[in-house]
**Q** 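Got a structure here, written out as structure tokens. Questions coming.
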Amino acid sequence: MTIPTEIRLTQALLRPWRSSDAESLAAHADDREIWRNMRDRFPHPYTLKDAKEWLAFAATLPPGTNFAIDVGGSAIGGISFEPLGDVFRVGAEVGYWVGRPYWGRGIATEGVRALSDHAFRHFDFLRLQASVFSWNPVSARVLEKAGYTREAINRRAMIKEGEVGDRWLYVRLRSG
Ligand SMILES: CC(C)(COP(=O)(O)OP(=O)(O)OC[C@H]1O[C@@H](n2cnc3c(N)ncnc32)[C@H](O)[C@@H]1OP(=O)(O)O)[C@@H](O)C(=O)NCCC(=O)NCCS
């Protein structure tokens with residue numbers, strides 16, 4: 001079975017990144033509140049050059065694993081899963097962000113749910129996990145609504161902008 005590279009949501013389309021996304025990507029990703037909740041490889045400020053570099057990299061990723069969140073033809077966010085590798089290869093880490101003008105519409109919730117269903121259906125992972133920084137209750141809520149449970153609190157496990165925080169490890173296991 002071929003792996004779908006598009007997932008239709010009610011309010012958005014998850015689709016492959018394309019080179020024409022650079023401007024929209026840079027405009028939405030250049031946001032401190034997004035950066036504060038992402039890993040450091042997500043730049044801040046987020047320039048057009050960063051967007052172009054990301055789009056070139058995204059083109060090398062396995063199909064069906066890394067999606068732009070498209071609303072009205074523009075990329076307004078991103079969502080992906082990345083295999084954990086080595087002995088942890090039974091699992092993958094999910095990550096996502098949504099541009100500020102689109103917050104609170106349920107896009108992330110629907111996206112995480114659909115992406116997780118897709119990952120379990122088309123890949124053989126036993127678990128999907130997500131790492132939430134302790135100051136990010138919105139993301140924790142998104143995951144809970146998408147069928148994840150908080151499996152662990154890893155204390156003093158991360159640092160962002162000089163602030164040490166706990167990692168809330170959320171998990172959704174393959175059912176059945
Ligand atoms: C986290 C993020 C993806 C959420 O996107 P979104 O599309 O606005 O999320 P949704 O609309 O699906 O759901 C948001 C939920 O959080 C709730 N929420 C909003 N503000 C909140 C707050 N301050 N505290 C607790 N819950 C809050 C909403 O009410 C909603 O829950 P509800 O449906 O029960 O009302 C977005 O804010 C973002 O990109 N943040 C920065 C990057 C990030 O945190 N990525 C995830 C890293 S783990």
Side-chain angles (χ1 to χ4, degrees), residues 7-15 17 21 23-47 50-51 54-55 58 61 65-84 88 91-119 125 127-173:
I7 302 172
R8 188 157 292 283
L9 311 179
T10 57
Q11 306 185 66
L13 175 70
L14 309 186
R15 56 141 174 97
W17 292 96
D21 290 328
E23 287 191 5
S24 173
L25 168 58
H28 287 292
D30 187 29
D31 186 322
R32 205 168 172 284
E33 279 308 300
I34 293 178
W35 167 79
R36 228 180 109 63
N37 289 300
M38 302 292 284
R39 296 191 179 210
D40 283 344
R41 67 186 178 196
F42 193 93
H44 189 74
Y46 201 114
T47 65
D50 294 318
W54 160 253
L55 293 169
L61 295 170
T65 64
N66 207 301
F67 299 85
I69 303 176
D70 181 313
V71 175
S74 297
I76 61 92
I79 186 162
S80 65
F81 60 92
E82 188 176 329
L84 291 168
F88 301 112
E93 177 96 10
V94 171
Y96 48 89
W97 64 274
V98 170
R100 189 185 286 256
Y102 299 89
W103 286 0
R105 298 187 190 182
I107 292 175
T109 301
E110 197 185 3
V112 173
R113 196 182 289 131
L115 178 89
S116 307
D117 292 346
H118 159 91
F125 300 117
R127 61 181 274 139
L128 296 171
Q129 66 182 48
S131 298
V132 178
F133 305 161
S134 46
W135 53 74
N136 193 0
V138 176
S139 188
R141 179 87 189 113
V142 165
L143 288 159
E144 282 163 5
K145 286 193 293 178
Y148 285 69
T149 52
R150 193 165 70 187
E151 182 180 62
I153 298 177
N154 303 131
R155 292 175 297 168
R156 296 190 196 165
M158 45 79 54
I159 184 164
K160 189 81 187 184
E161 218 188 353
E163 188 177 345
V164 173
D166 296 346
R167 170 174 75 164
W168 294 354
L169 187 62
Y170 274 83
V171 66
R172 187 171 139 182
L173 295 175

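Please read all numbers here as calculations on a predicted model, not as lab measurements. Only this structure's heavy atoms are used, side chains among them; waters, hydrogens and symmetry mates stay out. Counting starts at 1 for both ligands and their atoms, following the listed order.
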**Q** Is it true that Arg39 and Glu82 make a salt bridge, defined as a side-chain N closer than 4.0 Å to a carboxylate O?
**A** no
**Q** Which residue and atom name correspond to the protein heavy atom nearest atom 6 (P) of ligand 1, and how close is it?
**A** Ala108 CB, 3.6 Å
**Q** May I ask you to identify the nearest protein heavy atom to atom 41 (C) of ligand 1, giving residue, atom name and distance to one decimal place in Å?
**A** Ile34 CA, 3.7 Å
**Q** Pick, from Gly106, Gly99, Ser131, Ala140, the option with the minimum heavy-atom distance to atom 10 (P) of ligand 1.
**A** Gly106
**Q** Note the single closest protein heavy atom to atom 44 (O) of ligand 1, along with its residue, its atom name and the distance in Å.
**A** Asn136 ND2, 2.7 Å
**Q** Where the closest heavy atom to atom 34 (O) of ligand 1 is concerned, which of Arg113, Glu144, Arg141 has it?
**A** Arg141
**Q** So is Gly95 close enough to ligand 1, meaning a heavy atom under 4.0 angstrom away?
**A** no
**Q** Among all the protein's heavy atoms, is there at least one whose distance to atom 32 (P) of ligand 1 comes out below 4.0 Å?
**A** yes
**Q** Which is it for Glu110 and ligand 1 at heavy atoms under 4.0 Å: side chain, backbone, both or neither?
**A** neither
**Q** Given the protein's heavy atoms, is any one of them under 4.0 Å from atom 29 (O) of ligand 1?
**A** no
**Q** With a 4.0 Å cut-off on heavy atoms, does Lys145 reach ligand 1?
**A** yes
**Q** Should Gly104 be listed as contacting ligand 1, given a heavy-atom distance under 4.0 Å as the test?
**A** yes
**Q** Heavy atom to atom 38 (C) of ligand 1, shortest distance: which of Trp135, Trp103, Trp168 holds it?
**A** Trp103
